[in-house]
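Predicted, not measured: the structure shown is a model, and the values here were computed from it. Convention: sequence-line order gives letters A, B, ...; per-chain numbering from 1.
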Amino acid sequence: MKKLINDPESVVAESLAGLGAAHPDLLRVFEDPRYVLRADAPRPGKVALVSGGGSGHEPMHTGFVGLGMLDAACPGEVFTSPTPDQVLAATKAANGGAGVVHIVKNYTGDVMNFEMAADLVAEDGISVNQILIDDDVAVEDSLYTAGRRGVGATVLVEKLCGAAAEAGAPLAEVVSLGKRVNEASASMGVALSSCTVPAAAKPTFELADDEMELGIGIHGEPGRERVSLRPAREVVDMLVQPVLDDLALGRGDSVIVFVNGMGATPLSELYLVFNDLRARLGTEGIAISRCLVGPYMTALEMAGCSITLLRSDDQLVSLWDAPVRTAGLRWGA
Amino acid sequence: MKKLINDPESVVAESLAGLGAAHPDLLRVFEDPRYVLRADAPRPGKVALVSGGGSGHEPMHTGFVGLGMLDAACPGEVFTSPTPDQVLAATKAANGGAGVVHIVKNYTGDVMNFEMAADLVAEDGISVNQILIDDDVAVEDSLYTAGRRGVGATVLVEKLCGAAAEAGAPLAEVVSLGKRVNEASASMGVALSSCTVPAAAKPTFELADDEMELGIGIHGEPGRERVSLRPAREVVDMLVQPVLDDLALGRGDSVIVFVNGMGATPLSELYLVFNDLRARLGTEGIAISRCLVGPYMTALEMAGCSITLLRSDDQLVSLWDAPVRTAGLRWGA
Amino acid sequence: MSDTFDLQSAYRWIEGFAEAVGAHKEELTDLDAAIGDGDHGTNMDRGMRAVMAKLGANSSADLGDLFKTVGMTLVSTVGGASGPLFGTFFLALGKAWPNKETLSADELLSGYSQAVAAVIARGRAERGDKTMVDALLAAQDAWEMALGGTSGDSETLSVVAAAAAEGAEQTVPLVARKGRASYLGKRSAGHKDPGAATVALMMAAAADARTGE
Amino acid sequence: MSDTFDLQSAYRWIEGFAEAVGAHKEELTDLDAAIGDGDHGTNMDRGMRAVMAKLGANSSADLGDLFKTVGMTLVSTVGGASGPLFGTFFLALGKAWPNKETLSADELLSGYSQAVAAVIARGRAERGDKTMVDALLAAQDAWEMALGGTSGDSETLSVVAAAAAEGAEQTVPLVARKGRASYLGKRSAGHKDPGAATVALMMAAAADARTGE
Ligand SMILES: Nc1ncnc2c1ncn2[C@@H]1O[C@H](COP(=O)(O)OP(=O)(O)O)[C@@H](O)[C@H]1O
Ligand SMILES: Nc1ncnc2c1ncn2[C@@H]1O[C@H](COP(=O)(O)OP(=O)(O)O)[C@@H](O)[C@H]1O
Ligand SMILES: [Mg+2]
Ligand SMILES: [Mg+2]
Ligand SMILES: [Mg+2]
Ligand SMILES: [Mg+2]
């Protein structure tokens, strides 16, 4: 394992200390329980957005705390959901009296820990609503399983709901917006190499030199199938086809596109992927209203990318364009 | 070689096509000769900043084209300086009548190609000045060698001179500011793994599991020495000591800090490195006035980081805080 | 071996469980890497070390108190899926035995059954979903059978532990329908569920805690 | 072999050089990976392929014209250090032989010497700096010696080519003082300079172009 760390046990704490020191204007980092709070929270009268999940996906979620996005984030250990006491403390600290929204990716651990926290929060009389993100079409959905994973749509929901909350939208509106964005989004990812969890000290999986893992999760969980490596253009087709099918997108539709890097894939390759993707969408007659290209929801140093499409409309585009000022995403402010 | 590409010969063109399509509000991409121009260039009366170098360092330089930073960038082939005709075309297109500045990293190829372009530009009556960046303390400087390489200071010079030019500073002022920033900056990098140039199709160098290359260049050029892997805290000390020595920094000084990721190193590790760095600077009594942490000047998918310190003052801090609106760096706009 | 389960047995159980998790940490993580995200051993080990630190610092007044501490500590230090689930398990034991200092064989089984029910309520997994619930229920079945027969004999917990291990083993061919492994669909078959393997360690520690008396 | 160097010889030279670079592309890149950035073979091959495409499309009126085209094409397609340097070399040849269709042995050498001087002026490298200049000067020395002796004999260019190869070989023990390899300091010793290796290929192609007459 080759990492710039001191001790696998303290990577999260040390990295957060660095984040806090780098961005005192944006956020504050708390330990025990561990959470990251927007510098000017609580904002009275504003719906508060709280998210969280395992660490190792930076900048998500801690890098999305700030104006126009999250009020607080709860980072768990690497790839491990946070505990209820973290979520409880973050929720209380972020609460501005207008209600709190938990943005939760649909992983069993995240769901249970946020649920337990919501039960505890309820005792304090804070009204908490949940937006559950489950946009990963790599995973067969079924009533009898844990359902789909939450991936790329998380970033979009946090941006868009963050903009709505910043603009003063009430709790119910923020929640229904988040649910609508999640439903109108679909994602699929691919890995070219594994990540290495610091505590495990060895790669989570092995891929041969000519293999890639299609439908990879953001924790190195195996996906749909292992297939042979192929040109970017074909990879894009394999990723986007199930997304198009899932959202039933076609001629005349427009989308917000998110090409996400998993960590080790160079930005130049992500733009190259975006180039192939826009060609494909052009062929389909689908317009791109906005796009985001970069490593925003990573899986440590995994090589690969994911594609997320969100069916867009004027409201979503104007929320997208609204100012955001966080360590990981910033414009207009 | 595992990359999301279609053909090693066309990676630069395809990636640029993606960049152009993703950011039509910020920039325009030209082919033959190849350069990237700020969307609203030329800006009459504004000193124009033109930079360039080999591709593979994204977001540098193409991702720094826009308000408050570069007017044009000339991307060469991967790790290969651009040709004079690219620089010539970019210089003419960016020229707003107030003079053009070439920001050139001190590599033989870059220097010669920019020089040849400057000779050609002179024939067109455009006044061109050069800022040569040579901040890498890994390399022994001497009259009898090619001198030091240009690395992290490039990003700082482009940001700070970009802000000055945007604010209307005249040519001589922008040039002397750039030279001052370069002189007041020093950098040193480390690699934990190699990069792979697409056309070469295999890693540029090999490192054993317990080795790192100290003083690495941003093209995978070997550095000072190959040493054993060690904790981040010690790596930081090894990187920062020669930087502190070079700049003769000490108690009471303040610096702008740039912790740069080489490509494959996760953002969380960069913040962890920043955390160790600020502890070290704290011990030295050196204040951090501003910081930048992230993969801004990469070497494809190399793992590792570099540390750049710039002795700062009020003028530099206010130029740093000035709005910048590019694909790779953005705030206040 | 006496018929009653007391504070000392409980402490030995938890201690033995913590040791077993520490010793099998890498193995549990490897099981999780195959069909999950490779953190189960690390998660449980972090939690059980925190539990031992907590128990070392404060002595528990009774079984209810002790298991509540274990459960709360797991909930607040493990995270992931196993944190709430093992946390819920021990919290339910604590709830089942308020102010108790010793338990009869029947009380022990009935508390265990309530804890298993709480885990099922929390995670909504059914038998055969390839989760820790499979090992928990296999143990419960064997336990009910044993008590229904010659009842409460000194070998009961060994039989129960063996059943838990067998239950974990039987998750191998199953296709996961809950938890992270379910994302794998058919590809999850052929691997043992890590949470079930941890349950086997937990029940073996329970048996050892009593044999050691 | 005649004593004059004409347009056909020149074309054969460039063609042979392009072929040699293509055939040794990987080897040149490997040399560059050891002490540089691993692109020299790719760079030169891209350039020489562009040169061949350009020469194929337009026929050159004279030697000045032909070498100007070669030089301009290299300058605008190679980039890096070798683009301006080899570009400058051929541009200087073009300048040395304006409107010429044939060259005497003396004119050939004097044009070559001017081109080498132009490369030195452009890159400011001295003999022994471990660059292409070492091979260029080694060839020039041998050439001057040969012409000074029995002069202009049919073997001259073979001798020159051998000297270029030997000059490239002699860069091995040197510590680089110019170009990217100089960043390595002492660690650059023990490797052959890639640009010098390319010069050896270029001069071998020149010799072959004449022998083929
Ligand atoms: N819904 C569920 N009900 C019961 N057990 C579950 C459920 N989901 C997951 N598990 C158990 O949790 C174990 C995984 O735990 P762990 O790896 O620590 O958490 P995570 O999956 O969040 O990384 C699985 O092996 C399984 O036994
Ligand atoms: N200043 C110089 N003068 C002469 N030749 C040089 C000089 N700098 C570099 N070279 C030559 O250029 C070669 C490297 O070319 P290349 O790899 O294509 O460019 P780059 O170093 O920009 O990647 C070296 O092997 C050396 O022979
Ligand atoms: Mg986990
Ligand atoms: Mg190069
Ligand atoms: Mg797990
Ligand atoms: Mg090179």
NZ/NE/NH1/NH2 to OD/OE distance under 4.0 Å, A:Glu221 and C:Arg187: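 No salt bridge links A:Glu221 with C:Arg187.
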
Residues A:Glu9 and C:Arg49 bridged, charged N to O under 4.0 Å: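 Yes, A:Glu9 and C:Arg49 are salt-bridged.
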
Side chain, backbone, both or neither of A:Tyr107 within contact of chain C (heavy atoms, under 4.5 Å):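 Answer is both: backbone and side chain atoms of A:Tyr107 are under 4.5 Å from chain C.
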
Audit row: C:Glu26, A:Lys202, side chain to side chain contact (heavy atoms under 4.5 Å, CB included) steps and yes/no: CA-CA 11 Å; C:Glu26 203 171 334; A:Lys202 60 184 175 202; 3.6 Å; yes

Could you measure the distance from the [atom1] atom of [X] to the [atom2] atom of [Y]? Nearest 0.5 Å is fine.
X	Y	atom1	atom2	answer
A:Asn113	C:Ser76	CG	OG	10.5 Å
A:Thr108	C:Lys178	OG1	NZ	8.0 Å
C:Thr77	A:Asp85	OG1	CG	9.0 Å
C:Asp37	A:Phe79	CG	CZ	8.0 Å
C:Arg46	A:Glu77	CZ	CD	4.0 Å
C:Tyr183	A:Asn106	OH	CG	5.0 Å

With a sphere of 6.0 Å drawn around [atom1] of [X], does it hold more than 12 non-hydrogen atoms of other residues, nucleotides or ligands?
X	atom1	answer
A:Lys2	NZ	yes
C:Lys68	NZ	no
C:Met52	CE	yes
A:Asp32	CG	no

Contact class of C:Glu126 relative to chain A, heavy atoms under 4.5 angstrom: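 Answer is neither: C:Glu126 stays 4.5 Å or more from chain A.
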
Structural part of C:Asp30 lying under 4.5 Å from a heavy atom of chain A: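 For C:Asp30, the contact with chain A is made by the side chain alone.
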
Heavy-atom closest contact (A:Thr80 atom, C:Val78 atom, distance):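 Where A:Thr80 meets C:Val78 most closely, the heavy atoms are CG2-O, 3.3 Å.
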
Heavy-atom pair of closest approach, residues A:Ala200 and C:Gly38: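 Looks like CB-O, 4.2 Å.
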
Most chain A-contacting option - heavy-atom pairs closer than 4.5 Å, from C:Thr42, C:Thr29, C:Asn43: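 Heavy-atom pair counts peak at C:Asn43.
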
Among the listed options C:Gly87, C:Ala34, C:Gly179, C:Gly83, the residue most often paired with chain A at heavy-atom distances under 4.5 Å: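 The option with the most such pairs is C:Gly179.
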
Steps toward side chain to side chain contact (heavy atoms under 4.5 Å, CB included) verdict (A:Arg149, C:Arg180): CA-CA 9 Å; A:Arg149 300 174 292 207; C:Arg180 204 176 291 277; over 6 Å; no

Exam field: side chain A:Asp110 to backbone C:Gly80, donor-acceptor pair closer than 3.5 Å: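 It does not hold such a pair.
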
Working for side chain to side chain contact (heavy atoms under 4.5 Å, CB included), residues A:Met116 and C:Val75: CA-CA 9 Å; A:Met116 288 178 91; C:Val75 164; 3.8 Å; yes

Pairs of heavy atoms under 4.5 Å with chain C: top-ranked of A:Pro33, A:Pro82, A:Pro84, A:Gly76: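 Heavy-atom pairs under 4.5 Å are most numerous for A:Pro84.
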
